[in-house]
Protein chains: 2
Amino acid sequence: MDPRLDRDMSNCSIARTLEVVGEKWTILILREVWYGSSRFSDFERVLGCPRNLLAARLRMLVEEGILATETYKEPGSRSRPKYVITPKGMDLVPAVMGLLQWGDRYRADPEGPAVLARHRGCGAHVDAQIRCERGHVVQAEDIESVPGPAFRMRPAE
Amino acid sequence: MDPRLDRDMSNCSIARTLEVVGEKWTILILREVWYGSSRFSDFERVLGCPRNLLAARLRMLVEEGILATETYKEPGSRSRPKYVITPKGMDLVPAVMGLLQWGDRYRADPEGPAVLARHRGCGAHVDAQIRCERGHVVQAEDIESVPGPAFRMRPAE
DNA sequence: GTGCTGAGTATAGAAAAGTAAACTCAGATG
DNA sequence: CATCTGAGTTTACTTTTCTATACTCAGCAC
């Protein structure tokens with residue numbers, strides 16, 4: 001049998017990323033941060049998600065270093081926490097752009113997308129694409145997956 | 001208040017994509033298809049996921065047109081179904097490459113990645129990146145999200 | 001001090017999802 | 001005709017998520 005089918009998948013970067021952002025609401029919370037939300041009540045209002053889950057997800061994202069807390073102070077109110085994205089969180093943008101793009105293509109509203117992503121300054125539409133180190137645009141069919149340094153076989157049972 | 005915080009998020013391409021691929025196991029099943037699995041028993045063995053969920057996820061992916069069924073026949077056995085990816089499924093590759101890349105960067109095995117993605121032919125390493133239509137590489141900070149044609153405000157309560 | 005507000009925590013009940021193991025089904029083999 | 005095999009289905013149980021409501025806590029206004 002093809003040995004690739006007996007890979008040990010406990011060691012997979014996709015699975016590990018999903019352990020962090022794969023729970024319900026997590027990516028939608030990040031979307032809201034990108035779109036401008038930062039306060040507990042912002043997330044609650046726009047997402048309509050249960051408060052206890054929202055609190056749990058925010059805590060996890062902060063623990064993972066994807067969000068960080070700062071404080072803000074409305075005049076006449078005390079200081080309260082707000083959530084801002086970190087560079088580690090920004091590095092999730094290509095993945096989420098990929099999801100956005102697929103939804104725009106296959107599950108769009110008849111009127112079109114609700115949100116357009118543009119290159120600030122130049123104003124041109126942006127999208128996620130795959131390129132190789134030499135700068136070629138790579139079609140998904142032309143990606144070859146080969147065992148890397150941490151490749152392991154699945155232990156026999 | 002910033003009107004963006006009152007957007008109607010029932011109409012979001014990210015949320016809609018997650019409705020299709022956001023459940024547990026779904027993306028890992030697609031990963032296995034990219035890595036060469038096609039049979040029910042392949043997925044079950046490599047993923048270690050419960051059969052009823054595997055069956056439900058495969059059924060859903062086929063209904064959504066992300067996978068398609070074909071039949072295969074081992075000599076001495078009857079014909080059985082196998083699962084192959086469709087072009088619609090291939091269009092999820094940029095999103096999943098984004099997840100892979102983030103995991104490689106932040107949650108890697110000390111030895112390095114378990115799988116390397118190369119450009120078939122040229123052999124160079126590939127990665128997901130964001131570019132604008134004019135071909136500039138766009139940093140996440142330089143993406144501007146503006147209301148699109150289907151932008152809607154959240155209905156007042 | 002009393003009340004108000006934003007940001008939570010606590011709790012309880014219902015629904016959905018996940019897990020494990022047993023069972024079915026069809027066609028090939030002996 | 002009994003057995004094996006891959007691809008599921010069924011069932012029972014556990015965990016997670018959802019919904020809703022109540023409660024806390026700190027500081028500002030009165």
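Within every chain, numbering begins at 1; the chains are lettered A, B, ... in the order of the sequence lines, protein sequences first and strands thereafter.
- Judged by distance alone, the side chain of B/D142 and the main-chain N or O of B/V138 form no donor-acceptor pair under 3.5 Å.
- Using a distance-only test at 3.5 Å, with no hydrogens or angles considered, a donor-acceptor pair links the side chain of A/T17 to the main chain of B/G103.
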> Tell me, for nucleotides 18-30 of chain D in 5' to 3' order, what letter each nucleotide earns: B for a base near a protein heavy atom under 4.0 Å, S for only sugar-phosphate near one, - for neither?
Replying inline: SB-----BBSSS-
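- Side-chain N/O atoms of B/Y83 include none lying less than 4.0 angstrom from OP1 or OP2 on D/dG6.
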> Could you go step by step and tell me if B/L67 and B/I85 meet the side-chain contact (heavy atoms from CB on, under 4.5 Å) rule?
Replying inline: CA-CA 4 Å; B/L67 297 181; B/I85 197 146; 4.2 Å; yes
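- For the pair A/L28 CG and D/dT17 P, the computed distance is 14 Å after rounding to whole Å.
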> Do B/D91 and B/K88 pass the side-chain contact (heavy atoms from CB on, under 4.5 Å) test, and can you show the C-alpha distance, the side-chain angles, and the key distance before you say yes or no?
Replying inline: CA-CA 5 Å; B/D91 284 337; B/K88 185 171 173 182; 5.6 Å; no
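- As judged by a 4.0 angstrom heavy-atom cut-off over every strand, A/E23 is placed among residues touching the sugar-phosphate backbone only.
- Listed pair B/R59 / D/dA7 fails the phosphate criterion, with no side-chain N or O lying under 4.0 Å from OP1 or OP2.
- Listed for the A/R57 side chain is a donor-acceptor partner under 3.5 Å among the backbone atoms of A/K24.
- Nucleotides of DNA chain C lying under 4.0 Å from heavy atoms of chain A occupy a range whose first and last members, 5' to 3', are C/dT5 to C/dT11.
- Ion pairing between B/R45 and B/E32 fails under the 4.0 Å rule for side-chain N and carboxylate O.
- A distance-only check finds a donor-acceptor pair linking the side chain of B/T86 to the backbone of B/G65 [under 3.5 Å].
- No contact: A/F43 has no heavy atom under 4.0 Å from any strand.
- Under the 3.5 Å distance criterion, the side-chain polar atoms of A/R107 are left unmatched by any main-chain donor or acceptor of B/A15.
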